[in-house]
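Working notes, structure below.
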Amino acid sequence: MSVGTRTIPGVRVALVVTADGGGVLCPLAEDGSAVGPVLRVPDAVAAVRERERADRPRWVWASTAETYPKLLAAGVRVDRCHDVELTEALLCGHAGRWGEPRGLGAALARLRGWPVPPDPPARTKELQPTLFETGEAALPGGVDPLEALVEVHAEQQRRIGGVALPGRFRLLVAAESAGALIAVEMGATGLPWRADVHDALLVEMLGSRSAAGAPPRRLGELAERISQAFGDHRMHPDSPAEVLRAFAKAGFKLSSTRSWVLREVDHPAVPLLLEYKELYRIHVAHGWSWLASWVHSGRFRPEYVAGGVVSGRWATRGGGALQIPRKVRGAVIADAGWKLVVADASQLEPRVLAAMAADHRLAAAAGDGDLYAALAADAFDGDRARAKLGMLGALYGQTSGGIGPLLATLRQRFPAAMNYVEHAAQLGESGALVRSHLGRTCPPASVSVSLEGSEPAFETAATDDRKALSAARARGRFTRNFVVQATAAEWALAMLASLRATLRELGEAELVFFQHDEVIVHCVEGNAERVVTAVHDAAVTATRLLFGDTPVRFPLAATIVDCYADAK
DNA sequence: AGACGTTGCGCC
DNA sequence: AAAGGGCGCAACGTCT
């Protein structure tokens, strides 16, 4: 079937998919102006497939999360897109108007000075309708969806050109949009997951399953022994309140039942409780009911939410995909004849800081090996644990736990890097906004914090001052970490997008998992070595895209394994 | 009963 | 003396 799209010029193509599966397309120039006629086709999927085959334009659409699953379900993958919704959120954030409705309807309303409608509620996987939906419902009556899309996109391109560092922001928009494509693809592909192996792991840890409603055998036994340790006082070990009461009866006043609090208590129930907590956690969070809800046909298919975290990290909806406990990773096993390539960026955040701050001394000290070991040799008398503690303290704004001397050492050895995070913290404390390397902007403080102007008239004033100071410090820790975490997320997205492009050329290799600084590729055995090379190349590409010719190295450790648990 | 906040722990 | 960033999830407690 020919829809004639090959003849349409334009590096971008705006696309609206209508409820009946038809499509409306319009070729655009880079600046968003239409450079060809609007084309109506009866089959949007076929039109996209054909145009993609021809010259892989950048698809401009309202929402990747909304449109792409349907294309993908029909077997159509696209190379690039511009996600209007995600871009709108980035632009609003950059302008200090964080959290405003980001949908096409809202963006158009702002543009035309109309009342801004709220975003339609996010649709979850389970609630996906069977037909295409284009967000038309979110547009005021009488507005042509394609017209709205083209108009908003052109305005976005203009706004992008007006930010302080437009080149970087363009990269951010491209990376965010690529991330949205990958999130949909990865959610559809799923992570190879052997339910039989998972079940065996659970039985090994928790004991066999009991009758419905009853805990697994070992959990039940532990609960029984815990009760005995409290003098046959019947209790639920998973209820913090009951545990506190039981300890109080035994003469221990505890501030909480956190494991590090329990560890300090000399009582026979403590080791049993600690073991119970660990197993109970596995049972409720990644036990048999998780397995039944989330693993089907040998795949764990979580729903990834690109741009779901303010720092640009992904979130997930359901399944807890970003918190897979190490103890169940043994169930992640490659298909027969296939391998897993597990790659993670080593100490990504300190390296990102070194690059952002152009701290050549930190770059040189880090090299391309174990950053903390190198730092330890360089400044901490070989004590790697202290080097790591100090660096993480600097990134998170920690001051307690006796790390003061460590921070002092770092400040002395790497002033550029330390000044960078200190400055970000000061900006946050004074109420200013901070941005990532590519221009993602932090949200404003929800409660405005003012250090000045408090009237010390009553005795509560001192308390208020303390509260305000504490809130300002918390804000400073947030902005301090934001600049690094958000830039690390950008590096990871750029790496992922580059890797995806290479894997498409390679074939028989698919991205199956991504978590902040770690990626898993599932590929035929014969491709594994090439995938490892692709991973390393992607790291180099991402580094160059973000930081140009920085001396900072971003090693990406990749291992070829059959089972996720065997990596690192 | 349902909304919402808190606790505690999993991951980075 | 303390003052550790970002999430998701399940269970519990409180309010409505």
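Chain letters run A, B, ... following the sequence lines, proteins first, then strands; residues in each count from 1.
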*For A:S400, which contact category applies under a 4.0 Å heavy-atom criterion: base, sugar-phosphate, or nothing?*
sugar-phosphate

_Closest to side chain of A:N481, choosing from C:dA10, B:dC9, C:dG6_ = C:dG6

*Within the structure shown, what part of the strands sits under 4.0 Å from A:R480 by heavy-atom distance: base, sugar-phosphate, or nothing?*
nothing

*Check the pair A:H516, A:W314 against side chain to side chain contact (heavy atoms under 4.5 Å, CB included), reporting the backbone distance first and the verdict last.*
CA-CA 7 Å; A:H516 312 316; A:W314 289 8; over 6 Å; no

*asked:* For a quick check of understanding: with a heavy-atom distance under 4.0 Å over all strands, which category does A:G401 fall into, base, sugar-phosphate or nothing?
replied: nothing

_Nearest to the A:R258 side chain among B:dC11, C:dG8, B:dC9, which nucleotide is it?_
B:dC9

*Could you tell me the separation between the OH atom of A:Y396 and the P atom of C:dA3, rounded to a whole number of Å?*
18 Å

*Looking for any heavy atom pair under 4.0 Å, which part of the strands does A:L392 touch: base, sugar-phosphate only, or nothing?*
nothing

*To the nearest Å, how far apart are A:R317 CZ and C:dC7 C1'?*
14 Å

*A:V310 near the nucleic acid: base, sugar-phosphate alone, or nothing, with a heavy-atom cut-off under 4.0 Å?*
sugar-phosphate

*A:A241, nearest nucleotide to its side chain (from C:dG13, C:dA10, C:dG6)*: C:dG13

*asked:* Between C:dA3 and B:dT7, how far apart are the two P atoms, rounded to whole Å?
replied: 15 Å

*For A:I282 and B:dC9, what is the distance between atoms CD1 and P respectively, to the nearest whole Å?*
13 Å

*Would you mind telling me which of C:dG6, B:dC9, B:dG8 lies closest to the side-chain atoms of A:S259?*
B:dC9

*Using the closest heavy atom to pick a nucleotide of DNA chain C for each, name whichever of A:Q485 or A:D238 lands nearer the 5' end.*
A:Q485

*If we only count heavy atoms from C-beta on, is the A:Y276 to A:L272 side-chain gap below 4.5 Å?*
no

*Contact class for A:A285 (heavy atom, under 4.0 Å): base, sugar-phosphate, or nothing?*
nothing

*Which of these nucleotides, C:dC9, B:dC12, C:dG6, is closest to any side-chain atom of A:F478?*
C:dG6

*In terms of side-chain heavy atoms of A:E518, which of B:dC12, C:dA3, B:dC9 is nearest?*
B:dC12

*asked:* Please confirm whether the shortest side-chain N or O distance from A:T257 to OP1 or OP2 of B:dG8 is below 4.0 Å.
replied: yes

_Whole-Å distance separating the CH2 atom of A:W314 from the P atom of B:dC12_ = 17 Å

*Using the salt bridge (Lys or Arg N to Asp or Glu O under 4.0 Å) rule, pick out the option among A:E349, A:E429, A:E422 that qualifies with A:R480.*
A:E422

*State which residue, out of A:V484, A:D359, A:L353, fulfils the side-chain contact (heavy atoms from CB on, under 4.5 Å) condition with A:Y420.*
A:L353

*Contact class for A:Y280 vs. all strands (heavy atom < 4.0 Å): base, sugar-phosphate, or nothing?*
sugar-phosphate

*Nucleotide C:dG6, atom P - distance to CG of A:L395 in whole Å*: 13 Å

*OP1 or OP2 of B:dC9 less than 4.0 angstrom from a side-chain nitrogen or oxygen of A:K277, does that happen here?*
yes

*Ignoring backbone atoms, establish whether A:T399 has a side-chain N or O less than 4.0 Å from OP1 or OP2 of C:dG4.*
yes

*asked:* Whole angstroms only, please: what is the CZ-C1' distance between A:R473 and C:dA2?
replied: 11 Å

*A:R102 and A:L86: CA distance, side-chain angles, deciding distance, side chain to side chain contact (heavy atoms under 4.5 Å, CB included) verdict*: CA-CA 7 Å; A:R102 57 178 64 178; A:L86 291 174; 4.3 Å; yes

*Separation of A:E278 atom CD from B:dC11 atom C1', in whole Å?*
14 Å

*For A:R281 and C:dA10, give me the distance from atom CZ to atom P, rounded to whole Å.*
9 Å

*Using a cut-off of 4.0 Å on non-hydrogen atoms, how would the nucleic acid contact of A:G393 be classed: base, sugar-phosphate, or nothing?*
nothing

*asked:* Let's see if you can work this out: which of C:dA11, B:dG10, B:dC12 has an atom nearest to the side-chain heavy atoms of A:H516?
replied: B:dC12

*Between A:W193 and A:Y564, does the ring centroid distance fall short of 6.0 Å?*
no

*Nearest nucleotide by nearest heavy atom, which residue falls closer to the 5' end of DNA chain C, A:R313 or A:T316?*
A:R313

*Are a donor atom and an acceptor atom from the side chains of A:T189 and A:E510 found within less than 3.5 Å of each other?*
no

